[in-house]
There are 2 protein chains.
Amino acid sequence: METALHGKHKAQAEAHDAEPMFDLIELLFFAYRDFVGDADRLLESYRFGRAHHRVLHFVNRQPGLTIAELLDILKITKQSLSRVLKELLDQNFVEARAGVADRRQRHLYATAKGRKLALDLAHLQSRRFARALDALPANARQDAIRFLMAMIDPSDQDEVKSLVWPQGARPAP
Amino acid sequence: METALHGKHKAQAEAHDAEPMFDLIELLFFAYRDFVGDADRLLESYRFGRAHHRVLHFVNRQPGLTIAELLDILKITKQSLSRVLKELLDQNFVEARAGVADRRQRHLYATAKGRKLALDLAHLQSRRFARALDALPANARQDAIRFLMAMIDPSDQDEVKSLVWPQGARPAP
DNA sequence: CAAAATATGTCAGCGCTGTTGCCATATCTC
DNA sequence: GAGATATGGCAACAGCGCTGACATATTTTG
């Protein structure tokens, strides 16, 4: 009953007659652990955790983000967000301005202080990518981008694309 | 003062005169989130968390692992390990046998039940890799392996290599 | 306009998983 | 026999995810 419709990794796609890809599973685990470890060490000196990092990162990347949009990106609950957001607001890494069109909304912006920390963290993590890519052929960067994108749930890929490569900033409210 | 000694990504390696690689940073975040999400859903039905998964995974992969070796791989503290290991032992997913050469050591083995769960989880995660690779050129698997390995701390790469591609099983104690 | 829907805030409480510090026991090595 | 080692256990704490319930301001809708 075989057809030609299957992809080239057919055997691997049919879970139980293929060896699991232990190598990829383990390498992704170790790579991600080291990747977040870089940021963890810097965050510690601010007494921030990973949750603060994620909020600050996306607010810095998308100035004017609302609470609801942030919740959608992070896929966490309001309560989990508000704990860390409150600290970022109190300590002046992020500021919130009421929406103009809809005054219920709070648009979030990184302050100068917040932008600096967000950039420091991004540079740290970029250094790891740069070191890795330096040891690989020139096309490795594009290959890595395509691989990581393909690993994301297909139903989310379009959304991630527009988040990662935004098409024109939104006007300030 | 430039020399020819720098790598081909020199500009990116010098943190503060290069744009951070926001795309890679964000893609790795989303890819890893979806990757562990697969396992999370299955683990939930056993009332296990990610920590249980990691312990079960490495014990299954390296039968006869001792506590100290496991702590070294996972880089967590004894207390964090013993909580989840105790549950895996109590519920018969893992069993411990005293060492023969050194009776202080406890060598850990996945039971049949434990091996089945470990394999189910690995198959789940392999399916995501298979789906991703299916959409990419034939060399994507090797490229991904090389990329992920390069992302790991260079000082740990040799250790990870021998862990991911073991060179001959150890004799049962 | 009144009612319903929406965006957000807040509180109490819980679960998982990481941490430190300290002490106990069995065993091995010198 | 003394000291090092492998492991176990307890208390306490932190970070960050969750749910459920309730409050407020604002916008939208019938």
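For clarity, every value in this text was computed on a predicted model and none was experimentally measured. Letters A, B, ... mirror the listed sequences (proteins, then strands); counts begin at 1.
- A donor-acceptor pair under 3.5 Å links the side-chain atoms of A:D102 to the main chain of A:R104, judged by distance alone.
- Between B:L108 atom CG and D:dT7 atom C1' the separation is 11 Å, expressed in whole Å.
- A distance-only check finds a donor-acceptor pair linking the side chain of B:H52 to the backbone of B:G49 [under 3.5 Å].
- Here B:D143 does not pair with A:R146 in a salt bridge; the nearest charged N to carboxylate O distance is not below 4.0 Å.
- Within a heavy-atom distance below 4.0 Å of DNA chain D, the residues of residues 75-92 of chain A found are A:K75, A:I76, A:T77, A:Q79, A:S80, A:R83.
- Straight-line distance from the CG atom of A:L71 to the P atom of C:dT8: 8 Å, rounded to whole Å.
- Remark: the backbone N or O of B:A110 is paired with a side-chain donor or acceptor of B:R115 at under 3.5 angstrom.
- Within residues 36-54 of chain B, the residues having any heavy atom closer than 4.0 Å to DNA chain C are, in order of number, B:G49, B:R50, B:A51, B:H52, B:R54.
- Within a 6.0 Å radius of NZ in B:K86, no more than 12 heavy atoms belonging to other residues, nucleotides or ligands are found.
- For the pair A:R141 (side chain) and A:A130 (backbone), a donor-acceptor distance under 3.5 Å is absent.
- The aromatic rings of B:F48 and B:F93 stand perpendicular to each other, their planes meeting at an angle above 60°, with 30° marking the opposite boundary.
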Given protein heavy atoms under 4.0 Å, the one-letter contact record of nucleotides 24-30 of chain D, with B base, S sugar-phosphate only and - none, is simply -BBS---
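- Ring geometry for B:Y32 against B:F35 counts as tilted: the plane angle lies between 30° and 60°, on a 0 to 90° scale.
- Between the P atom of C:dT29 and the CD atom of B:Q105 lies a distance of 10 Å, rounded to the nearest Å.
- Under a 3.5 Å cut-off, the side chain of B:Q157 and the backbone N or O of B:I152 do form a donor-acceptor pair.
- Of the possible donor and acceptor atoms, one in the side chain of A:K113 sits under 3.5 Å from a partner among the backbone N and O of A:Q91.
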